[in-house]
> 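First, the structure itself, so that you have it in front of you.
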Amino acid sequence: MARFTDVEERVESPSERRVRYFLAVMFFLQTICTAIPFIQGPVEVEGETVYRTITAFNFLVNPGGYGNIGGIPLAVVGAILVIFPVVAFFFCVLDSKSKKKFFVSGACAVICAVVITFSFASYISIGAVITLVLNVICLFMSSQGVMATSARMRNQAK
């Protein structure tokens, strides 16, 4: 009974803190990678095929405008690749008490990896490769963070 009436502060363990900081740095690097070319390849511009490099940020904010309905799925892909790492970064920085940050960062990593893998096909470039590697690292570290939080909660229950 005393356990539910007394307010006990949940303090994060040093291993959780290290994982949280590491994930915040990884998602910050992913945010920076939106300025690196994600795809390279032929793009049809005004009826002509032009070889171009496009960043994830260019998907989201198309400088030429969205002339047809075909540009909207690319804008959604750009929004996922730009906004999800930012959301995960802020979860990792601001949430120090619960383990929601690890689930959010794992989900963001999986969604971004799936979008990169199935959206760009054979035109993938260095920015997408770096982001994929960072997503795999973030997914692994998110699972380690969940395990560290579970271990801390188990030790507090004893």
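We count residues from 1, following the sequence as given. Worth knowing before you read on, the calculation uses all heavy atoms, side chains too, and leaves out hydrogens, waters and symmetry mates.
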> How long is the gap from OG on S119 to CG on L81, to the nearest 0.5 Å?
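With rounding to 0.5 Å, OG (S119) is 7.5 Å from CG (L81).
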> Linking I/L/V/M/F/W/Y whenever their side-chain heavy atoms sit closer than 4.5 Å, directly or via other members, would I83 and V104 fall into one cluster?
yes
> Any idea which heavy atoms bring C138 and A109 closest together, and the distance?
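Minimum heavy-atom contact is CB-CB, 4.1 Å.
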> Would a distance-only check, ignoring hydrogens and angles, find a side-chain to backbone donor-acceptor pair under 3.5 Å from K101 to D95?
yes
> Tell me every residue that passes side chain to side chain contact (heavy atoms under 4.5 Å, CB included) with I137, counting only those two or more places apart in sequence or in another chain.
F22, M26, V133, M141
> Could you grab the distance from atom OG of S105 to atom CZ of F27, nearest 0.5 Å is fine?
5.0 Å
> Is there a side-chain contact between P85 and C112, using heavy atoms and a 4.5 Å cut-off?
yes
> So which pairs with a foot in residues 126-136 pass side chain to side chain donor-acceptor pair (under 3.5 Å), sequence neighbours left out?
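Qualifying pairs, neighbours excluded: Q30-N135.
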> If Ile, Leu, Val, Met, Phe, Trp and Tyr residues are connected whenever their side-chain heavy atoms lie under 4.5 Å apart, and connections chain through other members, are V93 and I32 in the same group?
yes
> Within the side chain of R20, is there an N or O that forms a donor-acceptor pair under 3.5 Å with the backbone of S96?
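It does not hold such a pair.
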> Taking atom CZ of F91 as the centre, does the number of heavy atoms from other residues, nucleotides or ligands within less than 6.0 Å exceed 12?
no
> Are I36 and I126 side-chain neighbours, meaning at least one heavy-atom pair lies under 4.5 Å?
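They are in contact (side-chain heavy atoms under 4.5 Å apart), so the answer is yes.
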> Just to verify, what does S13 make a side chain to side chain contact (heavy atoms under 4.5 Å, CB included) with, not counting sequence neighbours?
S15, E16, R152
> State the CD1-CD1 distance between I39 and I116, to the nearest 0.5 angstrom.
11.5 Å
> Measure the CZ-CE distance between R154 and M147 for me, rounded to the nearest 0.5 Å.
9.0 Å
> Does a side-chain heavy-atom distance below 4.5 Å link F102 with L23?
yes
> Mind running side-chain contact (heavy atoms from CB on, under 4.5 Å) on V25 and Y21 for me, showing each step along the way?
CA-CA 6 Å; V25 169; Y21 290 156; 5.6 Å; no
> Taking the side chain from T117 and the backbone from V114, do they hold a donor-acceptor pair closer than 3.5 Å?
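Here the side-chain-to-backbone pair does not exist.
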> Taking a hydrophobic cluster as the set of Ile, Leu, Val, Met, Phe, Trp and Tyr residues connected by side-chain heavy atoms closer than 4.5 Å, whether directly or through intermediates, do F90 and F28 fall within one such cluster?
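Same cluster: F90 reaches F28 through Ile, Leu, Val, Met, Phe, Trp or Tyr contacts under 4.5 Å.
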> Under the criterion side-chain contact (heavy atoms from CB on, under 4.5 Å), I'd like the reasoning laid out for I124 against F38: C-alpha separation, chi angles, the key distance, then a yes or no.
CA-CA 6 Å; I124 198 166; F38 260 67; over 6 Å; no
> Looking at every heavy atom in both C33 and I130, which two are closest together, and how far apart are they?
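Answer, listing the atom of C33 first, then I130: SG-CG2, 3.4 Å.
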> Are I111 and V86 linked, directly or through intermediate hydrophobic residues, by side-chain heavy-atom contacts shorter than 4.5 Å (ILVMFWY only)?
no
> Could you tell me the separation between the OG1 atom of T149 and the CZ atom of F103, rounded to the nearest 0.5 Å?
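If we round to the nearest 0.5 Å, T149:OG1 and F103:CZ are 8.5 Å apart.
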> Is any side-chain heavy atom of T34 closer than 4.5 Å to one of T55?
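Counting from C-beta outward, T55 and T34 never come under 4.5 Å.
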> Is V146 reachable from L94 through a run of hydrophobic residues whose side-chain heavy atoms are each under 4.5 Å from the next?
yes
